[in-house]
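In listed order, ligands and their atoms are each counted from 1. Sequential numbering from 1 along the given sequence is applied to the chain's residues. Remember, predicted model here, so these are calculated numbers, not experimental data.
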Amino acid sequence: METRHNFGSKIGAVLASAGSAVGLGNVWRFPTEVGNNGGAAFIFIYLICIAVIGIPVMMSEFLIGRNTHANTISAFAKLAPGKWWRIEGVAGVFVAFLILSYYIVISGWTLFYLIESLGGQLQADKDYGLVFNDFVSNPWLPVLTGAAFMGLTHFIIARGVQSGIEKSSKLMMPLLLFIIGILVVCSFSMPGSSEGLRFLLKPDFSKLKASVILSAVGQAFFSLSLAMGCLCTYASYFRADTKLTKTAVGVSTIDTVVAILSGFIIFPAVFSVNGVNVDAGPGLVFITLPNVFNIAFSHLPLLGYVFSGFFYLLLLLAALTSAISLHESVTAYVLEAFHVSRRKAAAAVSVSCMALGVLCSLSFGVLGDLTLFGMNIFELFDYTASKIILPIGGIIICLFTGWYLDRKLVENELTNGGTLRFRLFRLYYFIIRYVAPFAIAAVFVQELLA
Ligand code: PFF
């Protein structure tokens, strides 16, 4: 069996975890949620969710992973031998696998749009709704782009923890932040962008309903990659001197800043073009934005070319760093449980996940009529993963850390054996025992009833 590697540096640990968190959820889903839920009021609630629930749950995942230095399933089994808690580890790995199978489909779309935009194909006056529908319902093209994306993910995972995950995160995350900076400046400089800024900065609290608060909790969980075994797996590669609390705060901050900056990229651009809807839902980045790029930059095609190229590159990088964490969560389990080489484990995961990915991709076309409970395969996977397994997993992690684990073990891990001060420990412990599990349960019930 392979020797287990750690991340070589603390910054590598932060950037890899931030890479997992920053993904399509930030650049695509967050602005959509903001658009649908009243702009700044949603952002305000979202920030509270990140601080009060997101960071404490992330710290819990970190401490479980770092304490055991094992894949997620073994981590729970080690801390609670012979107990049912290991089911949570199994659920974490399973849900990572499930999410990866449809995450690669959307990631493949971003690859296609990047190629199209670099080829100048997004600069013509076309019906982009039609272009998008033609593409996703094509039987082979999205499968091909999904497979190419899986190939990239596989390549990084097969190279290992330090030369694959850590090295690529150290390269891709700074590049991603740099691109965001360029795009924010571009977007702000578009005429009429101030409308979009007002929408993002001026809260309309009359839109605040219970469902908005619950959407914010759901978005926070997805965006921070919580309850999917990814952060637990990454934390199992943290060194003994990595500060878990500081890392959780750092990762959550990067993730939140990227989400908000994505709003600052998209809304001023969209508002600068009259007649384009803000809350265009999932089509926002694949239908609305190509339209916006075209109309807004019709007099400056070169700038439009640069803007759209950078935008889809940003999406691709964000998707890739998240996909590798989902892949690693499963690969780490396969390689440690079945005592096979990393290459073999990664190949088994890539191939089997791609097989499911093909079904997800085809559910936008030839398999569109294959439904269960009124959902096609893609929707069914998304629903099962993010609406059912994920919230239950979140609750179990809170109960496990707050009620099952010995309080001394938890405090010891968060303070690196008592060498660090953690003044807010009692607050953290209170949240993880009482506040977070109830808040997540409320989301879960509301989603089921919706
Ligand atoms: N956090 C990622 C995003 O915002 O797109 C998605 C994700 C990655 C979810 C890894 C879960 C995960 F384990």
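- Here's the thing with N26: one of its N/O atoms is less than 3.5 angstrom from an N/O atom of ligand 1.
- Distances below 4.0 Å separate heavy atoms of Y103 from the following atoms of ligand 1: 2 (C), 3 (C), 5 (O), 6 (C).
- Looking only at protein heavy atoms, the nearest one to atom 12 (C) of ligand 1 is L326 CD2, 3.4 Å.
- When only modelled atom types and interatomic distance are considered, S193 and S272 share no side-chain donor-acceptor pair under 3.5 Å.
- Between D382 and S386, the side chains place a donor N or O and an acceptor N or O closer than 3.5 Å (distance only, hydrogens not considered).
- Distances shorter than 4.0 angstrom do not occur between any heavy atom of I99 and any atom of ligand 1.
- A donor-acceptor contact shorter than 3.5 Å is absent between the side chain of S20 and the backbone of A16.
- Classification of R342 and E328 as a salt-bridged pair holds, one side-chain N sitting under 4.0 Å from a carboxylate O.
- Rounding to the nearest 0.5 Å gives a distance of 14.0 Å between CD1 of I45 and CD of Q219.
- Ring geometry for F42 against Y46 counts as parallel: the plane angle stays under 30°, on a 0 to 90° scale with 60° as the upper cut.
- The protein atom (non-hydrogen) at minimum distance from atom 11 (C) of ligand 1 is M228 SD, 2.7 Å.
- Residue contact check: G25 has heavy atoms under 4.0 Å from atoms 3 (C), 4 (O), 5 (O) of ligand 1.
- To the nearest 0.5 angstrom, M150 atom CE is 10.0 Å from I157 atom CD1.
- Given atom 10 (C) of ligand 1, the protein heavy atom at minimum distance is S225 OG, 3.3 Å.
- Relative orientation of the Y333 and F338 rings is perpendicular, given thresholds of 30° and 60° on the angle between their planes.
- Residue S322 approaches ligand 1 through these ligand atoms, each under 4.0 Å from one of its heavy atoms: 2 (C), 8 (C).
- Atom numbering of ligand 1 starts at 1 in the shown order; those under 4.0 Å from a heavy atom of S20 are 1 (N), 2 (C), 8 (C), 10 (C).
- Residue contacts with ligand 1 include S325, since one or more of its heavy atoms lies under 4.0 Å from the ligand.
- The protein heavy atom nearest to atom 13 (F) of ligand 1 is C230 SG, 2.6 Å.
- Both the backbone and the side chain of F222 come within 4.0 Å of ligand 1, counting heavy atoms alone.
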I'd like a table of donor-acceptor pairs (distance under 3.5 Å, sequence neighbours excluded) in which one partner is a side-chain atom from residues 105-116, with atom names and distances.
residue	atom	partner	partner atom	Å
S107	OG	Y103	O	2.6
T110	OG1	S107	O	2.5
Y113	OH	F286	O	3.4

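- If you run ring pair (Phe, Tyr, Trp, His ring centres under 6.0 Å) between F76 and each of Y404, F400, W84, only F400 comes through.
- For a threshold of 3.5 Å applied to N or O pairs, the pair formed by L24 and ligand 1 contains at least one separation below that value.
- Proximity of A21 to ligand 1, defined as any heavy-atom pair under 4.0 Å, is confined to the backbone N, CA, C and O atoms.
- For a threshold of 3.5 Å applied to N or O pairs, the pair formed by S223 and ligand 1 contains at least one separation below that value.
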